[in-house]
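The block underneath contains the structure these notes are about, expressed in structure tokens.
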Protein chains: 2
Amino acid sequence: MRRRTWQRAAVQDALTGRYDFVSAQTLHSQLRADGSSIGLATVYRALADLAEEGEADSLRADGESLYRACASPGHHHHLICRSCGRTVEIQADDIETWAASTAAAHGFRDPQHIVDVFGTCGPCALVGASETP
Amino acid sequence: MRRRTWQRAAVQDALTGRYDFVSAQTLHSQLRADGSSIGLATVYRALADLAEEGEADSLRADGESLYRACASPGHHHHLICRSCGRTVEIQADDIETWAASTAAAHGFRDPQHIVDVFGTCGPCALVGASETP
DNA sequence: ACCGGTAATGGGAACCGTTATCAGCTAGCA
DNA sequence: TGCTAGCTGATAACGGTTCCCATTACCGGT
Ligand SMILES: [Mn+2]
Ligand SMILES: [Mn+2]
Ligand SMILES: [Zn+2]
Ligand SMILES: [Zn+2]
């Protein structure tokens, strides 16, 4: 069974309180700055568990894993600001059927797909690439 | 200017001689096994250069960069076998326009997208997940 | 409330892919 | 055939992640 610890709750709360994708190390720093004594390894474990349970989405960018507590419960994709990390959740049935039919057309079974769109969001485009509103 | 060394040629040849995505370390091991004295750092540099020149495509999987000498010169995506790495190059104009319009619809500029499909190819489905034909 | 077992924690070491360093080498050119 | 700037490769360093393991604390049973 999976025990409920204040550390897991803290990670989940910190994640839910953000609008962007965040790394384990960033989240750990934030928690420490807020006075928590949580360990880095625990943050890694909690995020991995949340992702496994479907409570968080994860993606890899710049060689690190980023996590986000998504509002949409089902399968969806992301439109992510390169500058500030602001994320929009995207539902696209066309993509789902395209991926499935493309795989089938080439004799590939059990298709999965990775679809992510990156760009510069409106606020970041105004302010310039350096700051992060 | 960029010099032409036997090391770069060896990396390019080794890459062209494969049908799958490979890591720098795997390619280095293969070259060494074939009698070459090429260094690991050189393989990393050569692959990075080939990718920059558009001679090779790269993607990240399981925390490592994989490279492939693609036949299609322009922008395209990949259908990749999880088991053996066999890769099919995919052209999908629908996806291109979808990604661009989705980004624009949410006020995101300079959109880029990552679209990869993974599955089990025909031969691998027959043989079972353990072997790699 | 009190155990007892057992999953979870956390600090540090280990791991692993990748990049930086730098002395020696060599492709390309006059 | 020399010059020289770019290239090579052994090794050290780096950064994110995972492992290790002694200690802690959650939780079901009493
Ligand atoms: Mn999808
Ligand atoms: Mn595309
Ligand atoms: Zn932004
Ligand atoms: Zn296959």
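All of these numbers come straight from a predicted model, not from anything done at the bench. Order of the sequence lines fixes the chain letters, A, B, ..., with proteins taken first and strands second; residue numbering starts at 1 for each chain.
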> Could you go step by step and tell me if Glu55(B) and Arg68(B) meet the salt bridge (Lys or Arg N to Asp or Glu O under 4.0 Å) rule?
Replying inline: CA-CA 9 Å; Glu55(B) 297 291 316; Arg68(B) 182 171 190 271; over 6 Å; no
>> Measure CG/Leu47(A) against P/dT9(C) and give the value in whole Å, please.
In response: 12 Å
>> Of the listed nucleotides (dG9(D), dG16(D), dG17(C)), which one gets closest to any side-chain atom of Glu64(B)?
In response: dG17(C)
>> When you measure from the side chain of Thr16(A) to the backbone of Ala14(A), do you find a donor-acceptor pair of N or O atoms at a distance under 3.5 Å?
In response: no
> How about His113(A) and Glu96(A): does a side-chain donor come under 3.5 Å of a side-chain acceptor?
Replying inline: yes
> To the nearest angstrom, how far is Trp6(A) atom CH2 from dG10(C) atom P?
Replying inline: 5 Å
> Arg8(A) side chain N/O closer than 4.0 Å to the phosphate oxygens (OP1, OP2) of dT9(C)?
Replying inline: yes
> Are OP1 or OP2 of dC27(D) and a side-chain N or O of Arg4(A) less than 4.0 angstrom apart?
Replying inline: yes
>> I'd like to know if the side chain of Gln30(A) pairs up with that of Arg18(A) as donor and acceptor (distance under 3.5 Å, no hydrogens or angles considered).
In response: yes
> Quick one: is Gln7(A) getting a side-chain N or O under 4.0 Å of the dG10(C) phosphate, OP1 or OP2?
Replying inline: yes
> Does any N or O donor sit under 3.5 Å from an N or O acceptor when you compare the side chain of Arg3(A) with the base of dG28(D)?
Replying inline: no
> Starting at CG of Leu27(B) and ending at P of dT18(C), how long is that distance when rounded to a whole Å?
Replying inline: 12 Å
> In whole angstroms, how far is the P atom of dT18(D) from the CD atom of Gln25(A)?
Replying inline: 11 Å
>> Below the 4.0 Å mark, does dT9(C) have OP1 or OP2 next to a side-chain nitrogen or oxygen of Thr5(A)?
In response: yes
> Rounded to whole angstroms, how far apart are CG on Leu40(A) and P on dG12(C)?
Replying inline: 12 Å
> Does Ser65(B) have a side-chain nitrogen or oxygen under 4.0 Å from the phosphate oxygens OP1 or OP2 of dT18(C)?
Replying inline: yes
>> dC20(D), OP1 or OP2 - any side-chain N/O from Arg45(A) closer than 4.0 Å?
In response: no
>> Pairing donors with acceptors under 3.5 angstrom, does anything connect the side chains of Gln7(A) and Thr42(A)?
In response: no
>> It should be established whether Tyr44(B) places a side-chain nitrogen or oxygen under 4.0 Å from OP1 or OP2 of nucleotide dT18(C).
In response: yes
> With a 4.0 Å cut-off on heavy atoms, is Ser23(B) in touch with a base, just the backbone sugar-phosphate, or nothing at all?
Replying inline: nothing
> Arg2(B) CZ to dA5(D) C1': how many Å, rounded?
Replying inline: 14 Å
